[in-house]
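See below for the structure under consideration.
As the structure is a computational prediction, the values presented were derived from the model and not from experiment. If you read the sequence from its start, that first residue is 1, and numbering goes on from there. Hydrogens, waters and symmetry mates are skipped; everything else that's a heavy atom, side chains included, is used.
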Amino acid sequence: MRLAPSILAADFARLGVQVAEAGKAGADRIHSDVMDGHFVPNLSMGAPIVASLRPVTQLPLETHLMISNPDLFLQEFADSGSDSFLVHWEGNVNLHRTVQAIRALGKRAGVAINPATPAAVLEEILPDVDQVLVMTVDPGFGHQHFLHSTLAKISRIRRMIDRVKPECDLEVDGGIDSETARLCVEAGANVLVAGSSVFGTNESVPEAMNRLRAGAEGIYANRNDRTGKNGRQHGATPHRGRPRVRGV
Ligand code: DX5
Ligand code: ZN
């Protein structure tokens, strides 16, 4: 299980210090939320923030683009130090092209889907991506309430990933705290994005991250015990090649 603290909830006057604290406390990657006031009704940050983080952490910098024209900004973020991109299925009529553009930059590619978007839209793009991001709130703001209706979808996507591309990350984003983290991991997530519950509590960043990890890590270990390391059910026969169908 991996933790990706979202800097949207950080104190921007102390951003470098807070990211370093998260790194020391065992963060696996740093999640930056980019919003354009058009794709979502909020503004946040651009590539200069990623560039300012690059020298202060060795952690992978993950960039979540909640913007209308992601293709226009990939190069700038890549030059600034982004290691991976999460782009939305919604509103992108050429998603495959966007994913290929990310790969051509040598970066990890992920597709994000909003709460009202069904899992089925991922079926064709899944072989081409390294990460799937399930939004567990409507994107645009930090500190929103987790939408429990997304849990069944997380389970469906876990099954899809285990079948098609087991090494693909299944990440959740929005309203993740120690309680919802457990639910998401039980449903099949292996990467947790968290803003408010890491940077917006009365605890220190390490204390907050320990609290998040505490419950969820046990569930993650149990889940893998139940399903085997690669997520398949014990005893299930791995699918190889095309199924043979009589008469076809
Ligand atoms: C929401 C962003 C999230 C946000 C999560 O649009 O994509 O990454 O920072 O914030 P919390 O953890 O506060 O819900
Ligand atoms: Zn995000």
Side-chain angles (χ1 to χ4, degrees), residues 1-6 22-31 59-60 62 64 84 86 108 110-113 115 118-120 122-123 126-127 129-137 144-201 203-240:
M1 193 197 81
R2 302 201 175 98
L3 285 187
S6 159
K24 275 203 200 109
D28 295 282
R29 50 183 86 157
I30 298 296
H31 182 95
L59 290 176
E62 160 176 289
H64 180 187
S84 59
L86 294 159
R108 279 168 61 91
V111 169
I113 57 170
L122 297 169
E123 189 82 42
L126 196 51
V129 300
D130 306 291
Q131 298 170 229
V132 167
L133 181 75
V134 176
M135 291 306 302
T136 43
V137 299
Q144 300 184 76
H145 288 296
F146 179 84
L147 297 171
H148 286 76
S149 55
T150 58
L151 286 169
K153 180 166 66 175
I154 295 167
S155 299
R156 276 198 292 281
I157 296 173
R158 166 48 59 201
R159 288 195 291 275
M160 197 188 285
I161 286 176
D162 286 347
R163 180 167 47 86
V164 176
K165 194 168 188 182
E167 69 273 26
C168 181
D169 280 334
L170 174 45
E171 193 163 1
V172 288
D173 185 7
I176 302 299
D177 58 20
S178 52
E179 187 51 40
T180 56
R182 297 161 67 105
L183 298 174
C184 288
V185 169
E186 179 67 37
N190 72 309
V191 185
L192 306 172
V193 177
S196 310
S197 64
V198 169
F199 295 115
T201 72
E203 299 172 307
S204 67
V205 167
E207 282 169 345
M209 285 179 53
N210 284 340
R211 181 185 298 279
L212 248 186
R213 225 188 328 249
E217 243 168 17
I219 294 192
Y220 183 69
N222 283 343
R223 198 187 82 203
N224 283 349
D225 278 354
R226 274 204 315 274
T227 57
K229 256 201 184 123
N230 60 7
R232 285 193 191 98
Q233 296 292 329
H234 283 313
T237 312
H239 173 70
R240 297 206 196 285

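Side-chain contact between K24 and P206 is absent, with no heavy-atom pair separated by less than 4.5 Å. The closest side-chain heavy-atom distance from R108 to R29 is below 4.5 Å. Inter-residue side-chain proximity for S6 and V198 is flagged as unmet; no heavy-atom pair is nearer than 4.5 Å.
Here CD1 of I113 is found 4.5 Å from CG of L122. Values are rounded to the nearest 0.5 Å. One distance of note links CD of E217 with CG of N210; it measures 9.5 Å at 0.5 Å rounding. To the nearest 0.5 angstrom, T136 atom OG1 is 6.5 Å from I154 atom CD1. Note that CE of M1 and CG of N224 are 11.5 Å apart. Values are rounded to the nearest 0.5 Å. Distance CZ/R211 to CD/E179: 12.0 Å, rounded to 0.5 Å.
If you run side-chain contact (heavy atoms from CB on, under 4.5 Å) between R163 and each of R159, K165, M160, only M160 comes through. L170 pairs with exactly one of D162, V185, V134, L133 by the side-chain contact (heavy atoms from CB on, under 4.5 Å) rule, that one being V134.
Qualifying ring pair (Phe, Tyr, Trp, His ring centres under 6.0 Å) partners for H31, counting only residues two or more places apart in sequence or in other chains: H64. For L59, the side chain to side chain contact (heavy atoms under 4.5 Å, CB included) criterion is met by A27, I30, T57, not counting sequence neighbours. Partners of N190 under the side chain to side chain donor-acceptor pair (under 3.5 Å) rule, at least two apart in sequence or in another chain, are D169.
The backbone N or O of G175 lies less than 3.5 Å from a partner atom in the side chain of T180, making a donor-acceptor pair.
Taking the charged nitrogens against the carboxylate oxygens, R226 and E186 do have a contact shorter than 4.0 Å, which makes a salt bridge.
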